[in-house]
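One structure is given below, encoded as structure tokens.
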Amino acid sequence: MKNQYHPADIEPRIQSLWADEGVFEVDEVEGVDPYYCLTMFPYPSGRLHMGHVRVFTISDVVARYQRMQGKHVLQPMGWDAFGMPAENAAIKNGVPPAQWTYQNIDYMRGQMMRLGLGYDWRREVTTCTPEYYRWEQWLFTKLFEKDLVYRKNSIVNWDPVDNTVLANEQVIDGRGWRSGALVERREIPQWFMRITDYADELLTSLDALDGWPDPVKTMQRNWIGRSEGVEVCFGLDDALQPLLADQGGALKVFTTRPDTIYGVTYMAVAAEHPLAVHAAADQPELQAFLAECKQTESAEAAMETMEKKGMPLGIDAIHPLTGERVPLWVANFVLMSYGTGAVMAVPAHDARDHEFATKYGLPIQQVIDALPGDSVQLDSEAYLGKGRTINSGEFDGLEFQAAFDAIADRLARDGNGERRVNYRLRDWGVSRQRYWGTPIPIIYCDDCDAVPVPAADLPVVLPEDVVVSGTGSPLKDMPGFLNVDCPQCGKPARRETDTFDTFFESSWYFARYASFDQTRSMLDERAEYWLPVDQYIGGVEHAILHLLYARFFQKLMRDTGLSSASEPFTNLLTQGMVLKDGRKMSKSEGNTVDPQGLIEEYGADTVRLFMMFTAPPEQALEWSDDGVAGAFRFLRRLWRAVAEHVEAGVTDGNRPSATTSEQKHLRRKTHEILAKVSDDIGRRYTFNTAIAGVMELLNAVAAFTAENDADQAVRQEALETVVLLLAPIVPHITHELWHGLGHETAVVTQAWPALDESALVRDEIEIVVQVNGKLRARLQVIASADKDTLERLALADSNVQGFVGDKPVRKLIVVPGKLVNIVV
RNA sequence: GCCCGGGUGGCGGAAUUGGUAGACGCUGCGGACUUAAAAUCCGUUUUCCGAAAGGAAGUGAGGGUUCAAGUCCCUCCCCGGGCACCA
């Protein structure tokens with residue numbers, strides 16, 4: 001082998017070899033152990049960024065490690081190809097979104113290959129192709145038949161100058177990003193999927209996802225937000241009842257605290273609520289306020305942080321238990337689209353109600369007594385504890401659950417309320433008023449209303465030769481697309497021009513990789529072979545939405561008979577971001593580092609090694625140019641260590657025996673590190689500590705002098721171990737070094753090395769001695785030393801004696817194999 | 001505002017089940033090799049006291065539990081992610 005490490009000479013050659021031999025192409029073989037390793041597919045934004053490199057490398061290391069464990073590994077790659085950036089690029093440069101997207105895909109695919117990522121490229125999936133999206137159109141029409149999709153009005157951000165719908169991202173400080181106009185909330189009809197029908201299953205089946213990180217499961221639980229409470233009907237004067245005829249002429253609210261119902265001192269409704277609109281009819285100030293309420297963006301963060309404002313409507317509701325009149329207010333923080341668009345307010349026992357009541361001088365009525373040890377200071381804040389009821393008429397003196405039950409029962413008996421389970425989760429709005437997405441397969445007919453496109457007419461192909469202006473979808477101006485006969489009655493009708501939320505495509509692509517070339521159905525039996533995904537890897541930012549939608553889709557596909565799995569991803573690894581100078585690496589921050597230049601300068605292995613060494617995968621990774629140089633230096637040192645060894649003569653690679661203490665020491669180090677790295681990669685996914693371990697082993701090799709054949713054999717074993725342990729992380733250099741060490745086979749086909757337990761045995765161990773918990777001495781003792789011996793040796797140590805002196809020993813703690821703590 | 005993370009040397013990080021804080025790497029400093037540079041190698045690098053042996057302090061802040069706390073509990077501060085139309 002050559003003396004010098006030149007990655008540019010070896011990497012492309014080895015990559016071609018893998019491609020020519022189809023090393024990473026896998027089919028469905030019975031009698032082997034399949035392993036499906038998947039990375040969240042990227043949006044083809046132009047070029048790979050460091051976040052991509054990181055997540056792809058993590059996944060590739062896992063896939064290659066599992067191969068070495070004897071698994072039959074599938075690792076596919078594809079493109080989440082629909083989305084806004086293509087439209088923005090089209091507006092800016094006049095290039096049609098499709099062309100821009102496909103160019104980006106070609107470039108980025110080349111970059112992935114140059115990183116040495118082991119994908120089965122035959123299975124590449126691109127979501128903007130009709131071959132892909134036809135199946136989600138088909139599924140949508142199936143779900144339409146099953147009443148799992150429906151249409152209702154819902155709120156969008158409307159830019160009144162550009163006359164277009166804005167994404168939350170395009171609203172900056174309440175104004176349109178291009179026009180600068182104040183954004184309005186506008187209601188338009190949109191398609192929804194009944195994810196709330198699956199809320200309970202999505203929640204309970206989280207418990208069985210042992211391979212998911214707890215924080216992600218907690219976030220999903222909180223997002224679904226199951227709560228048990230009561231839907232309470234507040235009465236209305238006769239004249240107002242017709243306004244809420246659909247709610248039985250009463251004002252319905254949901255509460256999880258029916259025990260506080262005697263503390264209701266006002267109620268609040270949304271600006272769009274019929275009672276608010278009615279009351280505003282003859283009150284210009286109120287009308288102005290309702291208009292103001294609509295001039296806020298719809299994002300929840302904006303709603304929650306804005307100043308809470310309200311106005312009295314001048315009408316009352318009637319308390320269902322006391323019969324007292326309760327004033328109605330309109331408030332900007334109540335949303336018509338959540339629940340019933342109205343809330344009961346208990347300022348004494350709810351923080352937001354307290355703040356609002358204080359601001360507007362509304363009464364605060366305490367109805368819950370403090371729990372022991374608490375104090376109630378209603379002047380300054382609400383009391384949220386679940387104490388006994390007071391000031392609650394016949395319900396006084398009850399503890400929380402008793403009060404809850406008694407009041408709920410009473411309301412139910414009177415026909416004024418019902419126990420209900422409520423979810424924070426809302427149905428998924430999938431309509432987007434954008435061009436570059438999957439056409440929603442619906443036809444609107446004046447007679448038949450919304451009709452799904454028949455399966456035989458699918459796919460509804462998105463026209464690709466378009467000019468994008470930035471004000472509304474170009475589909476609206478394309479008669480060839482728009483005009484169509486109604487599939488039911490044959491009369492002239494119009495196509496839906498909205499497209500699907502791009503989360504739609506990313507909610508099932510993991511299944512399509514298995515059946516990538518199937519033209520007759522969405523999935524086939526190959527999906528049964530591979531699903532569920534064994535290891536899914538992607539950014540934390542997807543912890544809720546994408547992962548929840550994908551779980552939902554898997555259940556939909558199960559209930560449509562397409563797959564038998566209930567969950568899509570058995571194990572999940574969420575990887576942190578790549579930062580530079582403490583900030584997210586991004587174009588807008590202007591602090592990006594282009595992976596391409598680094599690959600050219602140092603090679604793919606160095607980039608991969610740096611990414612895996614610098615931080616554990618779940619944490620943010622701080623970029624460092626010096627760190628990359630350090631990674632390269634390590635590979636060069638490794639190359640040289642192997643080259644020098646090879647020059648001295650390779651051995652047969654059989655397990656050597658150790659006689660000298662130097663040989664024993666190196667063999668022990670070799671197998672200790674092997675055990676550690678196996679655990680770090682296989683169980684803990686802490687690739688950084690795995691690499692640190694290998695570095696330690698290489699340092700031990702460097703400190704070892706081989707003087708004879710026996711030494712040489714021990715060093716061969718150590719170096720082969722180093723090469724195999726690093727093979728998943730730096731696959732090119734280890735390919736060369738493996739050959740250099742005398743092997744004919746390719747390292748990519750090698751098995752993970754086997755541990756020799758006998759090499760781990762130690763004769764002596766170090767014991768730490770503490771006095772009152774402070775380290776005072778270290779003792780070398782024989783490994784078999786018993787408790788008494790340790791105590792005696794510890795007390796005999798001169799430094800320990802200095803601290804113990806003639807003080808009486810009050811306690812003596814011995815942790816076998818570790819430490820002795822003397823308490824005086 | 002709400003939910004979920006994180007905070008340890010000059011820097012990235014390690015410490016896996018409450019048991020030696022700082023593994024491994026980077027940077028800096030000193031040295032070797034060299035005509036020189038690059039590359040490489042050796043030493044050193046938490047702070048303070050000390051010639052050394054050794055000692056004291058130390059894991060965002062403040063309290064607590066324990067023989068023992070970076071790790072567990074309580075309160076607070078700061079940073080990051082998500083908040084349903086960015087992907």
Side-chain angles (χ1 to χ4, degrees), chain A residues 40 42-43 45 80 82-85 156-157 165-171 190 213-223 225 298-306 308 333 351-352 424-434 501-503 506 539-546 548-549 574 576-577 579 582-584 610 613-616 618-631 633-634 636-637 640 676 679-680 683-684 686 688-689 691-696 699 702 766-770 772-775 778 799 802 810-813 815 818-824:
Chain A
M40 291 180 187
Y43 178 78
S45 52
D80 188 13
F82 278 134
M84 287 204 305
V156 293
N157 296 312
V165 176
L166 297 177
N168 284 337
E169 187 193 47
Q170 298 171 317
V171 181
Q190 306 200 65
D214 285 326
V216 174
K217 287 192 281 188
T218 305
M219 280 190 268
Q220 293 221 346
R221 278 190 195 101
N222 292 337
W223 184 261
S298 59
E300 190 186 310
M303 297 291 293
E304 291 282 335
T305 48
M306 71 186 175
K308 309 288 185 294
F333 55 84
R352 193 174 61 185
R424 203 187 79 95
L425 180 69
R426 308 196 299 265
D427 274 339
W428 176 14
V430 294
S431 296
R432 295 293 180 271
Q433 296 70 45
R434 287 182 222 299
D501 177 3
T502 56
F503 275 125
S506 56
V540 243
E541 65 274 20
H542 296 295
I544 298 177
L545 290 178
H546 161 61
L548 191 67
Y549 293 146
T574 51
M577 328 219 130
L579 309 177
R583 296 170 305 147
K584 190 168 168 172
F610 168 75
F613 178 59
T614 299
E618 311 229 42
Q619 277 182 35
L621 181 151
E622 183 68 36
W623 183 260
S624 153
D625 292 329
D626 289 332
V628 180
R633 241 184 338 256
F634 171 76
R636 206 157 47 187
R637 204 160 72 231
R640 205 169 41 241
K676 178 194 166 51
D679 189 48
D680 284 352
R683 179 182 65 89
R684 298 175 65 208
T686 52
N688 56 328
T689 56
I691 294 164
V694 177
M695 286 172 168
E696 265 188 64
N699 289 343
E766 189 183 75
I767 294 288
V768 161
V769 184
Q770 299 179 330
N772 289 341
K774 296 209 172 204
L775 176 70
R778 298 160 197 271
N799 200 42
R810 282 188 22 225
K811 210 169 183 181
L812 235 160
I813 288 125
V815 182
K818 279 229 164 118
L819 65 75
V820 178
N821 189 11
I822 303 160
V823 187
V824 297

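Note that the structure is predicted; figures quoted are calculated from it, not measured.
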Ranking B/U16, B/C26, B/C24 by distance to the side chain of A/M695, first place goes to B/C24
Would you say the side chain of A/N821 lies within less than 4.5 Å of the side chain of A/K811, judging by non-hydrogen atoms? no
So, do A/V156 and A/Q190 sit near enough that their side-chain heavy atoms are less than 4.5 Å apart? yes
Can you find a pair of side-chain heavy atoms, one from A/W428 and one from A/D501, that are under 4.5 Å apart? yes
Strictly under 3.5 Å: I want the nitrogen or oxygen pairs between protein and nucleotides 19-23 of chain B, one per line.
residue : atom : partner : partner atom : Å
B/G19   : N2   : A/N821  : ND2          : 3.4
B/U20   : O2   : A/R778  : NH1          : 2.3
B/U20   : N3   : A/E766  : OE1          : 3.3
B/A23   : O2'  : A/E696  : OE2          : 3.1

If we take the P atom in both B/G22 and B/C74, what is their distance in whole Å? 29 Å
Do A/Y43 and A/T502 touch side chain to side chain, with heavy atoms closer than 4.5 Å? no
NA contact type, A/K676, heavy-atom cut-off 4.0 Å: base, sugar-phosphate, or nothing? base
Any side-chain heavy-atom pair from A/I822 and A/Q770 closer than 4.5 angstrom? no
Less than 4.0 angstrom between a side-chain N/O of A/R633 and OP1 or OP2 of B/G25, yes or no? no
So A/S624, base contact, sugar-phosphate only, or nothing? Heavy-atom distance under 4.0 Å. nothing
Decide yes or no for A/L812 and A/V820: does some side-chain heavy atom of the first lie under 4.5 Å from some side-chain heavy atom of the second? yes
Checking A/E622 against A/T614: is there a side-chain donor and acceptor pair closer than 3.5 Å? no
How would you summarise protein contacts on nucleotides 82-87 of chain B per nucleotide, using B for base, S for sugar-phosphate only and - for none, with heavy-atom distances below 4.0 Å? SBBBSB
Mind listing the N/O atom pairs, protein and nucleotides 57-59 of chain B, below 3.5 Å?
residue : atom : partner : partner atom : Å
B/A57   : OP2  : A/K774  : NZ           : 2.8

Taking only N and O in the side chain of A/R352, is any of them less than 4.0 Å away from OP1 or OP2 of B/C2? no
Heavy atoms under 4.0 Å, any strand shown: does A/D679 hit a base, just sugar-phosphate, or nothing? base
Verdict with supporting geometry, A/D80 and A/S506, side-chain hydrogen bond (donor to acceptor under 3.5 Å, both in side chains): CA-CA 7 Å; A/D80 188 13; A/S506 56; 4.6 Å; no
Who does B/C24 pair with, Watson-Crick or G-U, both distances under 3.5 Å? B/G12
Less than 4.5 Å apart, side chain to side chain, heavy atoms only: is that true for A/K818 and A/I767? no
Between C1' on B/G5 and CG on A/L579, what's the gap in Å once rounded to a whole number? 13 Å
Syn or anti for B/G13, given that syn means the glycosidic angle lies within 90° of 0? anti
Less than 4.5 Å apart, side chain to side chain, heavy atoms only: is that true for A/Q170 and A/N157? no
Working for side chain to side chain contact (heavy atoms under 4.5 Å, CB included), residues A/F610 and A/W623: CA-CA 9 Å; A/F610 168 75; A/W623 183 260; 3.4 Å; yes
Side-chain donor or acceptor of A/R640 under 3.5 Å from a matching atom on the base of B/U40? no
Phosphate oxygens OP1/OP2 of B/C24: is one of them under 4.0 Å from a side-chain N or O of A/R637? no
